[in-house]
Amino acid sequence: MLRLPQFQVAAPETLEEVVEALRATPDARLIAGGTDILPNLKHKLEAPPRLITLGRVKALRGITRDDAAGVLRIGAGVRLATIASDPTVGALFPSLAKSAGLVASPTIRNMATIGGNVNLDVRCRYVNQTDFWREGIGGGCLKSEGDVCHVVPKGRNCVAAMSSDNVPVLISLDASLLLVGPSGEREVAMADYYRADGTNHTKAEPGELTAEVRIPLPKGPRKTDYVKWAVRKSIDFPLVSVALRVDLDGEGAEAPSEAKITDVRVVVGVLGARPREVKKLDGALGRTLADPEVAALVSEAAFKQCKPLPNVPYDPAYRRQMIRVYTRRALAAMAS
Ligand SMILES: Cc1cc2nc3c(=O)[nH]c(=O)nc-3n(C[C@H](O)[C@H](O)[C@H](O)COP(=O)(O)OP(=O)(O)OC[C@H]3O[C@@H](n4cnc5c(N)ncnc54)[C@H](O)[C@@H]3O)c2cc1C
Ligand code: SF4
């Protein structure tokens with residue numbers, strides 16, 4: 001049986017109390033649903049003296065459409081099951097409702113929060129193991145007890161994989177995070193929040209927490225999707241994940257598939273510690289989703305620019321092919 005280490009628990013009720021609790025115990029860790037951090041504690045990947053539970057903080061709850069600011073606000077403490085079934089999220093951001101509904105299992109989605117999901121630790125086949133297992137490969141790696149990387153043996157950076165289902169989608173939707181800390185509030189674009197370093201993969205400052213996810217309301221017609229490949233569909237983390245957003249010119253088109261494309265966003269997860277936004281998609285602009293060239297050139301760009309690593313199970317070359325296949329299929333489905 002895997003045992004939890006001993007720790008104290010603080011249960012603040014306001015954001016100010018959370019910030020104060022983090023100031024009082026800088027080595028303390030936040031816990032929301034606990035579905036990521038508790039397994040990591042059992043695997044002895046960390047041993048904080050205190051956990052600060054966010055479960056009682058009412059300011060982190062609720063989904064609000066704010067038309068004056070032009071954003072949908074999702075409190076960091078909102079459960080993934082709520083996001084997956086929320087009618088406003090489903091109508092405005094179907095790819096987010098889909099990605100939230102594809103996380104893990106119903107039981108986990110009922111516990112897991114969006115704040116925990118956007119701050120999910122990066123994952124690697126060599127580190128998300130028991131300490132006994134890690135001892136067996138010579139005492140861990142850069143992200144645990146060791147000083148080498150087993151994925152890129154000569155590398156100096158940990159390239160563990162960003163495995164959140166929602167992060168690529170939120171980046172594709174231009175979402176930002178409201179962070180609250182000792183210096184007050186600040187908003188950071190999710191596209192800028194992640195570092196390419198698995199030992200310190202977010203730009204949150206010491207003592208900061210995520211209070212809210214803000215997603216700009218759509219300004220015109222668009223299609224979005226999220227595609228995930230995992231071995232066991234009902235529980236596994238993604239091994240391939242692609243978020244897509246296609247903005248359309250609503251003028252004069254009889255069907256969305258006939259509307260001219262004004263922007264294409266493709267964000268791929270499960271590569272390194274930071275999701276990758278696929279670039280050089282201008283060739284799709286001015287075309288329509290019904291044009292087969294669009295799916296061909298966007299999926300080819302995704303294939304060329306994304307190189308999966310052996311940091312998670314399954315052959316990287318196969319996963320790379322599947323990025324192309326899933327991107328092409330998603331765009332074809334948008335056209336139908
Ligand atoms: C069997 C299993 C399968 C899973 N499958 C998937 C999957 O398919 N896709 C997926 O995306 N995830 C998956 N997960 C991981 C996890 O369940 C989700 O990512 C979940 O959303 C984490 O949220 P949580 O509230 O439980 O986070 P917690 O475990 O409470 O916290 C996770 C991390 O976020 C930090 N944190 C929490 N809230 C905040 C906040 N407000 N501000 C700053 N930091 C914060 C914590 O300190 C911790 O470092 C799986 C987990 C398990 C156990
Ligand atoms: S990528 Fe390398 S350093 Fe990072 S967790 Fe995996 S083996 Fe360890």
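Read the numbers this way: they start at 1 and go in the same order the structure lists the ligands and their atoms.
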I'd like to verify the contacts: list protein N, O or S atoms under a distance of 2.8 Å from atom 8 (Fe) of ligand 2. Cys141 SG

With sequence neighbours excluded, what pairs up with Phe7 under the ring-ring contact (aromatic ring centres under 6.0 Å, His included) test? none

Could you name the option among Ser105, Ala112, Ala104 that has the heavy atom nearest to atom 5 (N) of ligand 1? Ala104

Backbone or side chain, does any N or O of Met111 fall under 3.5 Å from an N or O of ligand 1? no

Measuring from atom CG of Leu178 to atom OG1 of Thr210, what distance do you get when rounded to the nearest 0.5 angstrom? 8.5 Å

Taking atom types as modelled, find out whether Asp247 and Thr262 have a side-chain donor-acceptor pair closer than 3.5 angstrom. no

Suppose we measure from atom 22 (C) of ligand 1 to each protein heavy atom; which comes out shortest, and what is that distance? Thr35 OG1, 3.4 Å

Run down the list Ala28, Gly77, Gly75, Gly34 and name the one with the heavy atom closest to atom 28 (P) of ligand 1. Gly34

Quick test: of every protein heavy atom, which one is nearest to atom 42 (N) of ligand 1, and how far off is it to 0.1 Å? Thr210 N, 2.8 Å

Under 4.5 Å between side-chain heavy atoms, chaining through other members, with only Ile, Leu, Val, Met, Phe, Trp and Tyr counted: pull out the rest of the cluster around Leu45, sorted by chain and number. Val127

To which protein heavy atom is atom 47 (O) of ligand 1 closest, and what is the distance rounded to 0.1 Å? Leu30 O, 2.6 Å

Residues clustering with Val151 (ILVMFWY side chains joined when closer than 4.5 Å, directly or via others): Tyr126, Trp133, Ile137, Val152, Val159, Leu309

Report the C-alpha distance between Arg245 and Asp225 in whole Å, list the side-chain angles of each, state the deciding distance to 0.1 Å, and finish with yes or no for salt bridge (Lys or Arg N to Asp or Glu O under 4.0 Å). CA-CA 7 Å; Arg245 166 180 149 197; Asp225 201 0; over 6 Å; no

Donor-acceptor pair between Asn119 and Tyr193 side chains, under 3.5 angstrom: yes

Please report which non-hydrogen protein atom sits nearest to atom 27 (O) of ligand 1, along with the residue it belongs to and the distance in Å to one decimal place. Gly116 CA, 3.4 Å

So which protein heavy atom does atom 52 (C) of ligand 1 come closest to, and at what separation? Ile108 CD1, 3.7 Å

With heavy atoms under 4.0 Å as the rule, classify the contact between Asn117 and ligand 1 as side chain, backbone, both or neither. both

Ignoring hydrogens and geometry beyond distance, is a side-chain donor-acceptor pair present between Ser241 and Asp165 at under 3.5 Å? no

Please determine, by modelled atom types, if Thr199 and Asp197 share a side-chain donor-acceptor pair under 3.5 angstrom. yes

Which atoms of ligand 1 are found less than 4.0 Å from any heavy atom of Ile37? 29 (O)

Please determine, by modelled atom types, if Glu258 and Thr288 share a side-chain donor-acceptor pair under 3.5 angstrom. no

Could you find the nearest protein heavy atom to atom 13 (C) of ligand 1 and give me its residue, atom name and distance? Phe237 CE2, 3.1 Å

Between Asp66 (side chain only) and Val71 (backbone N and O only), is there a donor and an acceptor less than 3.5 Å apart? no

